[in-house]
Amino acid sequence: MTLTAPPSGRMHPADVARVASVGLRTRRMRAALSALGIAIGVAAMVAVLGLSASSQAGLLAEIDKLGTNLLRVAPGQTLSGEDAKLPLEAPAMIDRIGPVEDVQSTGNTQASAYRNPHIPKANTNAISVNATSLGLPGAVRASVAQGRFLNKATAEQPVAVLGATAAKRLGISKIHSGARIWVGGQWFYVVGILDSVRLTPEVNSAVLVGWPAAEKYLDFDGHPSTVYVRADTDQVTEVQKVLAATANPEKAEEVKVSQPSAALEARAATQSALNGLFLGLGAVALLVGGIGVANTMVISVLERRSEIGLRRALGATKGNILVQFLSEAVLLAALGGVAGVALGSLATAVYAQIKGWETVVPVLAWGGGLVAAIAIGALAGLLPALRAARLQPTEALRIA
């Protein structure tokens with residue numbers, strides 16, 4: 001930009017106006033960048049807390065859907081440290097407990113499953129082969145994704161149903177006539193694939209065969225390895241207390257009883273360990289934004305010395321100047337905070353919708369973000385405001 005000076009040596013009024021306009025745009029740009037730093041910090045904090053709360057709400061909703069009344073009974077260890085076994089009659093004895101609504105069981109056959117007999121025996125892909133009772137899907141809230149589950153007829157034949165993970169590891173994505181896998185040294189026909197189960201993930205990686213078929217073809221000893229118990233929701237705690245003694249009256253100490261939903265509830269309470277890291281990064285961004293606000297206000301004081309001097313000459317007190325510049329810093333930070341809350345809330349809403357969760361933005365997230373932004377702005381603007389207030393009118397006008 002070329003500036004022309006009139007013969008008197010003074011700048012032309014048009015040039016003065018252009019310089020003032022450029023200076024104003026520069027100040028606005030600096031202010032916008034400072035507010036952006038604040039906005040990024042607040043947005044990060046709001047998004048982290050919002051996503052955590054939304055994930056927690058989604059997980060708790062899923063727990064409510066699956067039910068918290070599922071109990072799992074499994075063998076523990078003997079006093080000598082060996083693996084214990086549940087009695088053959090354990091499911092029937094558990095079924096006699098009054099508040100128990102459903103009892104289903106699976107038993108580990110020790111067999112391995114492969115896509116074909118040419119797969120090396122060591123490549124088991126962590127797939128278990130379990131005998132199962134026919135009502136297992138209802139007890140663990142599993143649905144059949146393809147095909148059908150076992151019935152009384154197929155439970156006696158070399159027929160299998162695959163868990164979701166087992167199907168993927170075996171490379172079976174669709175059920176077709178004649179589909180079969182190599183189990184325990186012989187062919188088993190595949191008639192169904194289950195959907196993924198959240199509360200009982202061990203079912204996902206299992207090949208399920210009928211109890212009679214497992215005893216006939218896989219040398220299964222008939223002892224259940226896991227008993228799934230659905231109890232009256234109001235009586236879960238009472239049922240849990242007597243399950244071990246009921247399953248194995250002689251050796252109750254060798255029985256383990258757990259509630260699968262408890263693990264999910266604990267996860268919902270603790271959430272991700274990365275939350276602290278992301279909150280820390282948001283705090284760093286907020287601090288950087290605060291430094292930007294301080295820098296903007298310092299430069300603003302230097303550029304507006306003539307304004308300060310003029311106001312002081314017209315009767316403004318030091319307190320008036322202090323309040324003016326401090327208010328500007330707080331307003332700048334507050335605008336960044338509002339923008340950050342909006343961005344963080346939007347990010348939370350979009351991600352929650354994608355995941356199918358309820359959108360939850362806690363008061364601590366948006367309220368804390370705004371308070372933090374205003375506090376940072378006040379602290380950042382305090383020193384420049386004090387500096388502006390201390391300028392004497394004559395000094396400010398002379399320097400200007």
Side-chain angles (χ1 to χ4, degrees), residues 66 70 72-74 86 88-92 94-95 101-119 121 124-230:
L66 295 174
L70 178 65
R72 181 166 47 201
V73 181
L86 290 176
L88 295 174
E89 60 276 12
I94 292 173
D95 197 29
E101 299 173 347
D102 191 12
V103 179
Q104 302 295 329
S105 55
T106 60
N108 195 333
T109 67
Q110 303 300 322
S112 297
Y114 305 92
R115 187 68 180 85
N116 57 61
H118 305 295
I119 305 296
K121 290 185 177 180
T124 62
N125 279 322
I127 297 173
S128 61
V129 180
N130 293 339
T132 181
S133 55
L134 300 182
L136 182 68
V140 300
R141 299 293 190 265
S143 58
V144 179
Q146 293 186 47
R148 60 187 183 277
F149 197 69
L150 301 169
N151 54 40
K152 290 184 178 180
T154 55
E156 299 181 357
Q157 303 302 320
V159 173
V161 173
L162 308 181
T165 303
K168 291 179 182 178
R169 292 174 181 172
L170 290 169
I172 299 177
S173 57
K174 292 184 179 181
I175 298 298
H176 58 83
S177 178
R180 58 184 186 172
I181 57 176
W182 190 252
V183 181
Q186 56 193 303
W187 290 109
F188 270 65
Y189 289 91
V190 178
V191 297
I193 299 176
L194 298 178
D195 280 318
S196 181
V197 187
R198 189 68 178 271
L199 280 182
T200 54
E202 65 275 8
V203 174
N204 295 331
S205 58
V207 171
L208 301 172
V209 301
W211 214 274
E215 294 176 332
K216 180 178 180 180
Y217 298 103
L218 302 176
D219 297 324
F220 176 49
D221 62 9
H223 287 273
S225 57
T226 306
V227 180
Y228 300 98
V229 181
R230 285 279 176 184

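Numbers for residues simply follow the sequence, beginning at 1.
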So, does [X] use its side chain to make a donor-acceptor pair with the main chain of [Y] at under 3.5 Å?
{"X": "Arg180", "Y": "Trp187", "result": "no"}
{"X": "Ser105", "Y": "Ser225", "result": "no"}
{"X": "Thr124", "Y": "Ser112", "result": "no"}
{"X": "Asn204", "Y": "Gly163", "result": "no"}
{"X": "Gln146", "Y": "Ser173", "result": "yes"}

Assess whether atom CG of Asn116 is packed by more than 12 heavy atoms of other residues, nucleotides or ligands within 6.0 Å.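 Yes - once you tally the heavy atoms of other residues, nucleotides and ligands closer than 6.0 Å, there are more than 12.
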Where is the tightest heavy-atom contact between [X] and [Y], given as atom of each residue plus distance?
{"X": "Ala213", "Y": "Gln157", "answer": "CB-O, 3.2 Å"}
{"X": "Asn130", "Y": "Asn108", "answer": "OD1-CA, 3.4 Å"}
{"X": "Gln104", "Y": "Ala139", "answer": "CG-CB, 3.6 Å"}
{"X": "Thr200", "Y": "Val197", "answer": "OG1-CG1, 3.1 Å"}
{"X": "Leu136", "Y": "Phe149", "answer": "CB-CZ, 4.4 Å"}
{"X": "Ile127", "Y": "Arg169", "answer": "CD1-CB, 3.9 Å"}

To the closest 0.5 Å, what do you measure between [atom1] ([X]) and [atom2] ([Y])?
{"X": "Glu89", "Y": "Ile94", "atom1": "CD", "atom2": "CD1", "answer": "10.5 Å"}
{"X": "Glu156", "Y": "Asn151", "atom1": "CD", "atom2": "CG", "answer": "9.5 Å"}
{"X": "Asp195", "Y": "Arg141", "atom1": "CG", "atom2": "CZ", "answer": "15.0 Å"}

Are [X] and [Y] side-chain neighbours, meaning at least one heavy-atom pair lies under 4.5 Å?
{"X": "Leu199", "Y": "Val140", "value": "no"}
{"X": "Leu170", "Y": "Asn125", "value": "no"}
{"X": "Leu208", "Y": "Leu194", "value": "yes"}
{"X": "Ile175", "Y": "Val191", "value": "no"}
{"X": "His118", "Y": "Trp182", "value": "no"}
{"X": "Tyr228", "Y": "Ser133", "value": "no"}

Just to verify, which of Asp102, Leu70, Val73 counts as forming a side chain to side chain contact (heavy atoms under 4.5 Å, CB included) with Val229?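 Exactly one option meets the side chain to side chain contact (heavy atoms under 4.5 Å, CB included) with Val229, and it is Val73.
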Could you give me the CA-CA distance, side-chain angles and deciding distance for Gln110 and Leu218, then say whether side-chain contact (heavy atoms from CB on, under 4.5 Å) is met? CA-CA 8 Å; Gln110 303 300 322; Leu218 302 176; over 6 Å; no
